[in-house]
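Each remark here refers to the structure printed beneath this line.
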Amino acid sequence: MKVKNTLIWLLLLIALAFWLASYLGMGRPELSKAPALDESDLPTELHPAVKEKKDELIALAAERDIEMVITDDFRSVEEQNKLYEKGRGAPGNIVTHVKGGESFHNFGLAFDYAIRNKGGEVIWDINYDGNGNDKSDWFEVAAIAKDIGFEWGGDWVRFKDYPHLEMTFGLTINDLLRGERPEEA
């Protein structure tokens, strides 16, 4: 009986370890099969379609009396790696679970936003209702963004990334690492 209980506990611990590795984004098989990243093949700014939709989103939010602020858009591999180190080797809280080359920011397909309150401060308060319509400005922006084609990090199951918006054009990070890119037009 003691051996059986020990075996059951061991299996539970192994299952927990696999779940935890998956939850933290470790052991991503799609990335382990990806070729080495050639940084010279990466864009240096937002994709034109993403930029156009970003500008449209800002205008649509303004029509609802919401001033959104873009806090980050294209990010180099080096910048991504510095963010990844936060809460690990560098001071601060963990803000990302992906290293350089594993983020849609690195391919010009993502940006982050915040809200400017009526006092002029840039805030990350997802409950703030500056336009006074009993709806969170943050969630209003997210809803508009999704209506015009963005995917929102607040919908993610594992790691809620409320400031994050991206357009993947149906591509995965692995596709992008293999050199696939969305069309410019």
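- Side-chain contact between Ser136 and Tyr128: absent, with no pair of heavy atoms (C-beta onward) separated by less than 4.5 Å.
- Note that NE2 of His97 and CG of Asp161 are 9.0 Å apart. Values are rounded to the nearest 0.5 Å.
- Shown here for Leu42 and Phe107, the closest heavy-atom pair between the two residues is CD2-CE2, 3.2 Å.
- By the rule that hydrophobic residues join a cluster once side-chain heavy atoms approach within less than 4.5 Å of another member, Ile144 and Leu46 end up as members of one cluster.
- Screening residues 143-153 for salt bridge (Lys or Arg N to Asp or Glu O under 4.0 Å), with sequence neighbours left out, gives Lys146-Asp155.
- Residues Lys54 and Phe150 come closest through the heavy atom pair N-CZ, 3.8 Å.
- Smallest separation of non-hydrogen atoms from Arg75 and Ser103: NH1-OG, 4.3 Å.
- Note on ring orientation: taking the six-membered ring where Trp is involved, the planes of Tyr162 and Phe139 are perpendicular (angle over 60°, cut-offs 30° and 60°).
- In the model, Asn106 has no side-chain atom that pairs as donor or acceptor with a side-chain atom of Glu79 under 3.5 Å.
- With contacts defined as side-chain heavy-atom distances shorter than 4.5 Å, the pair Glu45/Asp73 does not qualify.
- Under a 4.0 Å N-O distance rule, the pair Arg116/Glu121 does not qualify as a salt bridge.
- In the hydrophobic cluster analysis, where Ile, Leu, Val, Met, Phe, Trp and Tyr join through side-chain heavy atoms closer than 4.5 angstrom, Leu57 is grouped together with Trp124.
- Grouping the Ile, Leu, Val, Met, Phe, Trp and Tyr side chains by contacts below 4.5 angstrom, directly or via other members, places Val122 with Ile70.
- Contact annotation: the side chain of Val69 never approaches that of Tyr113 to less than 4.5 Å [non-hydrogen atoms, C-beta and beyond].
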Quick one, Asp112 with Leu165, criterion side chain to side chain contact (heavy atoms under 4.5 Å, CB included). Give me CA distance, side-chain angles, the key distance, then yes/no. CA-CA 6 Å; Asp112 295 333; Leu165 293 167; over 6 Å; no
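- Closest approach of Glu183 to His47, counting heavy atoms only: O-NE2, 2.9 Å.
- Phe74 and Ile173 are assigned to two separate hydrophobic clusters, defined by single-linkage of ILVMFWY side chains at heavy-atom distances under 4.5 Å.
- Using cut-offs of 30° and 60° on the angle between ring planes, the pair His164 and Trp156 is tilted.
- Between Leu109 and Pro182, the closest side-chain pair of non-hydrogen atoms falls below 4.5 Å.
- The shortest side-chain heavy-atom distance between Asp125 and Ile115 does not fall under the 4.5 Å cut-off.
- Between the side chains of Asn117 and Glu67, no donor-acceptor pair of N or O atoms lies under 3.5 Å.
- Note that CD of Glu102 and CG of Asn174 are 10.5 Å apart. Values are rounded to the nearest 0.5 Å.
- A donor and an acceptor atom, one from each side chain of Thr172 and Asp175, are located under 3.5 Å apart.
- Counting heavy-atom neighbours within 6.0 Å of Lys82 NZ, excluding the residue itself, gives a total of 12 or less.
- You'll find the side chain of Val141 stays beyond 4.5 Å of the side chain of Arg64, heavy atoms only.
- Between Pro91 and Lys86, the closest side-chain pair of non-hydrogen atoms is not below 4.5 Å.
- Minimum heavy-atom separation, Lys99 to Tyr84: CE-CE2, 3.5 Å.
- Connection of Ile148 to Val50 is established within a shared hydrophobic cluster, with ILVMFWY side chains joined at heavy-atom distances below 4.5 Å, either directly or through further cluster members.
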Please report the C-alpha distance between Thr71 and Phe111 in whole Å, then the side-chain angles of each, then the deciding distance to 0.1 Å, and finally whether the side chain to side chain contact (heavy atoms under 4.5 Å, CB included) criterion is met. CA-CA 8 Å; Thr71 59; Phe111 62 87; over 6 Å; no
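- The residues Lys53 and Glu56 are annotated as salt-bridged, a charged nitrogen and a carboxylate oxygen being separated by less than 4.0 angstrom.
- Side-chain contact between Pro163 and Trp138 is present, with heavy atoms from C-beta onward closer than 4.5 Å.
- Within a 6.0 Å sphere centred on CD of Glu52, other residues, nucleotides and ligands contribute 12 heavy atoms or fewer.
- Shortest non-hydrogen contact noted between Lys135 and Asp129 is O-OD1, 2.9 Å.
- Side-chain atoms of Asp137 come within 3.5 Å of backbone atoms of Gly130 as a donor-acceptor pair (strictly under, hydrogens ignored).
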